[in-house]
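In what follows, every chain begins at residue 1, and chains take the letters A, B, ... in the order their sequences are listed. Treat the numbers as computed from the prediction; the structure is a model and nothing was measured.
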Number of protein chains: 2
Amino acid sequence: MEKYLTIYHDLVEKINKAHWKDAKMLPSENELALHYEVSRETIRKSLDLLAQNGFIQKVRGKGSVILDSKKFDFPVSGIVSFKELATSLDLQVETIVNELSIVEANEILQSNLGVRAKEPVWKVVRTRKIDNEKVILDKDYFNRDFIPYLTKEVCENSVYEYLENELELPISYARKEIVVEEPTVEDEDLLDLAGHSNMVVIRSMVYLDDTSLFQYTESRHRPDKFKFVDFARRVGN
Amino acid sequence: MEKYLTIYHDLVEKINKAHWKDAKMLPSENELALHYEVSRETIRKSLDLLAQNGFIQKVRGKGSVILDSKKFDFPVSGIVSFKELATSLDLQVETIVNELSIVEANEILQSNLGVRAKEPVWKVVRTRKIDNEKVILDKDYFNRDFIPYLTKEVCENSVYEYLENELELPISYARKEIVVEEPTVEDEDLLDLAGHSNMVVIRSMVYLDDTSLFQYTESRHRPDKFKFVDFARRVGN
DNA sequence: GAGTGGTCTAGACCACAAC
DNA sequence: TTGTGGTCTAGACCACTCC
């Protein structure tokens, strides 16, 4: 693996385990360069990653300040799968696969998944139970060019794990949109709405390293079970 | 200004103005280095910024692909002020300052603004009208260590412009949390709720370059007037 | 003045894509 | 084979903080 990534992961672990005790600062870039036996520019690449991901803040003339609140954050920022999220929260969760099929792309899918009219695509509909209540409805559409096979077992576990580990698909970036809408009949049918008259809807388009669009997802959350946390850095002016 | 930032801004402009006509790719790093008369590493810093902000995607062995959908996005990602947002959307907007005062920090403010008990802080409450409907309620609290003076006129215009241009406060990063809650009596009092029984609440903590926390904001949106768009890049494994 | 992070360079080698 | 982006280096100079 690349040096700067190895060092980044090592530093993440040391920050999380409070390796430097109650230190509020990382060692200086020169010290780290000596310790890891790399050039200072390589250390700086690792530190840039730490900063982007909210672990540290670099202060000119002083050093790299360790940001402490990171670990208390709900990890929904960026591209995170439902399973990662649930396990990190220690919640009792369960996934119900309502549908796993191949459908012909309609107009919405043509533009959001970049496929031709009537081209067959994977459709997966899943209900997520948290603490025994059905509160999230996930509707995923995958481009079959990248995912030839898909099974109910994979959908019950984690599609992302399958994509990353088995198929080694290089997921790179995503566009996400969050709005509030009224429940559909499908929501009422498949979820425990408990009288709620709104749904938080997250629509995502997920891209691979080579900029090809391979997934479109609609994730519908009961509003009382929704929380989104974001860490944003002002970058470039 | 730094070379890589100058080049970054130049490239942003050229991408937005489709300077390279219908080109789907940027010139290669070596070509750009020659053109701007800088080293390749400097060009790479500019391109990294473009990638982080969703303008391009770099593909190994091929080049830098220009991502086209950027310009259609609602610009609420990252740290954006209400005024930036409204003007970019060409909406008729108006700000009403309901309150501008100095209050003693309660427990919530102590932890969210990092001040001592009963320390005086700025409190600003503003109603935002979009197309003549009062749909957003913004409650801002500022640490007075960084903002000695604040006037109604500044609040009616843009506090952020004042902070960045007049006070030259180096805003650096923010933690943002989005949840859905029921309207408060204050919401009902100051907004046109039009029968909506939910509010989208965005709570933000804004930090300066030196990691000091200087602003805590609660922005309460009527759900039908809320939209959040996020561009997320998978970074560091 | 000593130490810190911020920028910039010229050059090297690599993995990958296209021809 | 040629060109692309990805990594890494050693060294330089700067602005800033702290003492």
Do nucleotides 9-19 of chain C as a string where each nucleotide becomes B, S or -: B if the base has a protein heavy atom under 4.0 Å, S if just the sugar-phosphate does, - if no protein is that close.
BBBB--SBSS-
Residues in side-chain contact (heavy atoms from CB on, under 4.5 Å) with B/K3, at least two apart?
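Once residues adjacent in sequence are excluded, the partners of B/K3 under the side-chain contact (heavy atoms from CB on, under 4.5 Å) criterion are B/V38, B/T42.
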Who passes side-chain contact (heavy atoms from CB on, under 4.5 Å) against A/R144, sequence neighbours left out?
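If we apply the side-chain contact (heavy atoms from CB on, under 4.5 Å) test to A/R144, skipping adjacent residues, the hits are A/I102, A/P120, A/W122.
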Looking at side-chain heavy atoms only, is the closest gap between B/Q52 and A/R233 below 4.5 Å?
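No - every pair of side-chain heavy atoms lies 4.5 Å or more apart.
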What is the separation between atom [atom1] on [X] and atom [atom2] on [N], rounded to the nearest whole Å?
{"X": "B/Q57", "N": "D/dG5", "atom1": "CD", "atom2": "C1'", "result": "12 Å"}
{"X": "B/I56", "N": "D/dG5", "atom1": "CD1", "atom2": "C1'", "result": "11 Å"}
{"X": "A/K45", "N": "D/dC8", "atom1": "NZ", "atom2": "C1'", "result": "8 Å"}
{"X": "A/L34", "N": "C/dT4", "atom1": "CG", "atom2": "P", "result": "10 Å"}
{"X": "A/D48", "N": "C/dG5", "atom1": "CG", "atom2": "C1'", "result": "11 Å"}
{"X": "A/L32", "N": "C/dT4", "atom1": "CG", "atom2": "C1'", "result": "12 Å"}
{"X": "A/L5", "N": "D/dC8", "atom1": "CG", "atom2": "C1'", "result": "13 Å"}
{"X": "A/N30", "N": "C/dG6", "atom1": "CG", "atom2": "P", "result": "12 Å"}

Partner set under side-chain hydrogen bond (donor to acceptor under 3.5 Å, both in side chains) for [X], not counting sequence neighbours:
{"X": "A/Y141", "result": "none"}
{"X": "B/T217", "result": "B/D140, B/Q215"}
{"X": "B/E13", "result": "B/K17"}

OP1 or OP2 of C/dG3 sitting under 4.0 Å from any side-chain N/O of A/S28?
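Result: no.
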A/Y4 side chain, from C-beta outward: closest of D/dC8, C/dT4, D/dG6
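Of D/dC8, C/dT4, D/dG6, D/dC8 is nearest to the side chain of A/Y4.
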